[in-house]
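Comments concern the structure below.
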Amino acid sequence: MISSAEDHPAVPAGRVRSGRVRVGRPAIGARLPRRSPLRALTPLGAALCTLTLISCMSAPAHSSAARRSDGQPADAGQSSATGHSAAGTADPRSFASGSAAASPDALPTLTPAQMAGQRVIYSYTGLEPPAALLNWIRHGQVGGVIFFGGNISSRAQIASVISELNQANASPLNPMRAFPLLLMTDQEGGLVRRLPGQPLLSEKQIGESADPAAAAKAAGTGAGKNLAGVGMNVNLAPVLDVFRKAGDFDDQFGRSYSTDPHVVSSLGADFIAAQQAAGVAATAKHFPGLGAATKAQNTDAAPVTLNVTLHALRTKDEFPYQAAIAAGVKLVMVSWAKYSALAPKTPAGLSSAIVNGELRQRLGFKGVTITDALEAGALRSFGTTRRRATLAAKAGMDLILCSVQRPSQGQQARIALANGLTDGTLSPSVFNAALNRVIALRSSLGS
């Protein structure tokens, strides 16, 4: 990853690596988790429900992260007002500690720490999830978990771990228990796979095959069935980078379909549609594109600036995202590179001009944005985990990917977002819009 973890080539998975706020339940034609008795709402109903965020506050609140193994940068930012139903501007400092809804039709109430936790993806080391992570899940402070090769010894083992995580998520202490955790990995195909099995072909091999469209669809179906088979519901794929030269950053590991943006556009959309039909959300990455990066330009290791003209960015690098959005892609990962034509001093994932301007306003993306690895070397001058998470949320990122494989990283990101919400650093209305997009995604995936 990372869009999921770092974007380094993967080794075979068998060997690898207080007031309260009511949260609306957006129903975007999606089914709710099977374990939940809640009814799906109409789009209008969902929008109205989110408005309860304004009126359900009471007593003061008390405030209550993992490196991706594939080497890709992580992006963050503040949710855009153009997302799904946005919440009203409630003062988070008046929230009281929340509890589970008492009736099937009641909406969950969340503390700032729980609200923040829904926007953080955690990671851990080894084959067993640590007790602290399970405890945070039981208390509604975790949005999801990313898995790397080192977390997986076999399909049976990771399926058992996921069952344990789901059991923790079902705790009566968790007001978000009706919604499945976001359980993800990087299963791009070729060298970048965390699980054994499909898709076997890399994107480059698909692009060079006799029938690329059929191969892309088969890869999407294969990835979806493979991940769903062990209980995962998000894939940090496909890569939509349009590579430039043989052996460059993407091409060296076969992570790009083609140098032709039309080919990348078509095959990426095929993969996305097929995978999501299998019940696993797709993630298009790394917006606005890393195709111009040379072999040595790895945002996971150091800052990267891509001197690509605005015309080239929009006609080549961003072009495949139009088809991906039209295909209904559920998530987009933003890169950590700097783009001289758009925000020369700011990594894309920390730039509202890129996240909200290019992706949401220009291209019309209404889904969930996710950062690349928050610990990436490209962010070395942007401070601590807390500062990076806050900057990412301000820029428009919905989910913060903490892939250093230490749960404490996710904890720090969660604290930062909760503090930002309660002290006014982060806009409550923007925060709630991001939160509602994440909840809409989770409700669409079932359990």
**OP:** Show your working on side-chain contact (heavy atoms from CB on, under 4.5 Å) between Tyr122 and Trp136 and close with a plain yes or no.
**Re:** CA-CA 10 Å; Tyr122 295 70; Trp136 293 332; 3.7 Å; yes
Indicate yes or no: at least one non-hydrogen side-chain atom of [X] is less than 4.5 angstrom from one of [Y].
{"X": "Thr299", "Y": "Ser335", "answer": "no"}
{"X": "Pro238", "Y": "Ile272", "answer": "yes"}
{"X": "Pro108", "Y": "Met176", "answer": "yes"}
{"X": "Ser352", "Y": "Lys394", "answer": "no"}
{"X": "Thr369", "Y": "Phe287", "answer": "no"}
{"X": "Tyr339", "Y": "Val308", "answer": "no"}
{"X": "Val145", "Y": "Tyr124", "answer": "yes"}
{"X": "Arg314", "Y": "Glu358", "answer": "yes"}

Subject >> Pairing of Arg360 and Asp398 as salt bridge, 4.0 angstrom limit >> reply: yes
Within the distance-only criterion (no hydrogens, no angle test), does the side chain of [X] pair as donor or acceptor with the backbone N or O of [Y] below 3.5 angstrom?
{"X": "Asn151", "Y": "Leu127", "value": "no"}
{"X": "Thr125", "Y": "Gln405", "value": "yes"}
{"X": "Thr385", "Y": "Gln412", "value": "no"}
{"X": "Asp241", "Y": "His286", "value": "yes"}
{"X": "Asn298", "Y": "Ala293", "value": "no"}
{"X": "Gln141", "Y": "Asn174", "value": "no"}
{"X": "Arg437", "Y": "Lys366", "value": "no"}
{"X": "Gln114", "Y": "His139", "value": "yes"}
{"X": "Thr390", "Y": "Arg386", "value": "yes"}
{"X": "Asp248", "Y": "Ala292", "value": "no"}

**OP:** Tell me yes or no: between the side chains of Asn307 and Ser340, is some donor less than 3.5 Å from an acceptor?
**Re:** yes
**OP:** Starting from the C-alpha separation in whole Å, work towards a yes-or-no answer on side-chain contact (heavy atoms from CB on, under 4.5 Å) for Gln297 and Leu306.
**Re:** CA-CA 9 Å; Gln297 288 183 303; Leu306 298 180; 3.7 Å; yes
Original post:
Met232 pairs by side chain to side chain contact (heavy atoms under 4.5 Å, CB included) with which of Asn226, Val280, Ile158, Leu182?
Top reply: Ile158
Original post:
So is Arg362 actually on top of Tyr321's ring, under 6.0 Å and inside 45° of the axis?
Top reply: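 The answer is no, since Arg362 fails at least one limit relative to Tyr321.
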Original post:
Among Gln275, Gln276, Gln187, which one satisfies side chain to side chain donor-acceptor pair (under 3.5 Å) with Asn235?
Top reply: Gln275
**OP:** Test Leu134 against Leu165 for side-chain contact (heavy atoms from CB on, under 4.5 Å), laying out the working first.
**Re:** CA-CA 7 Å; Leu134 292 171; Leu165 295 174; 3.7 Å; yes
Original post:
Out of curiosity, Leu421 CG to Met115 CE, how far, rounded to the nearest 0.5 Å?
Top reply: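 Atom-to-atom, Leu421:CG and Met115:CE are 5.0 Å apart.
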Subject >> Steps toward side-chain contact (heavy atoms from CB on, under 4.5 Å) verdict (Phe382, Leu350) >> reply: CA-CA 10 Å; Phe382 289 88; Leu350 303 184; 3.7 Å; yes
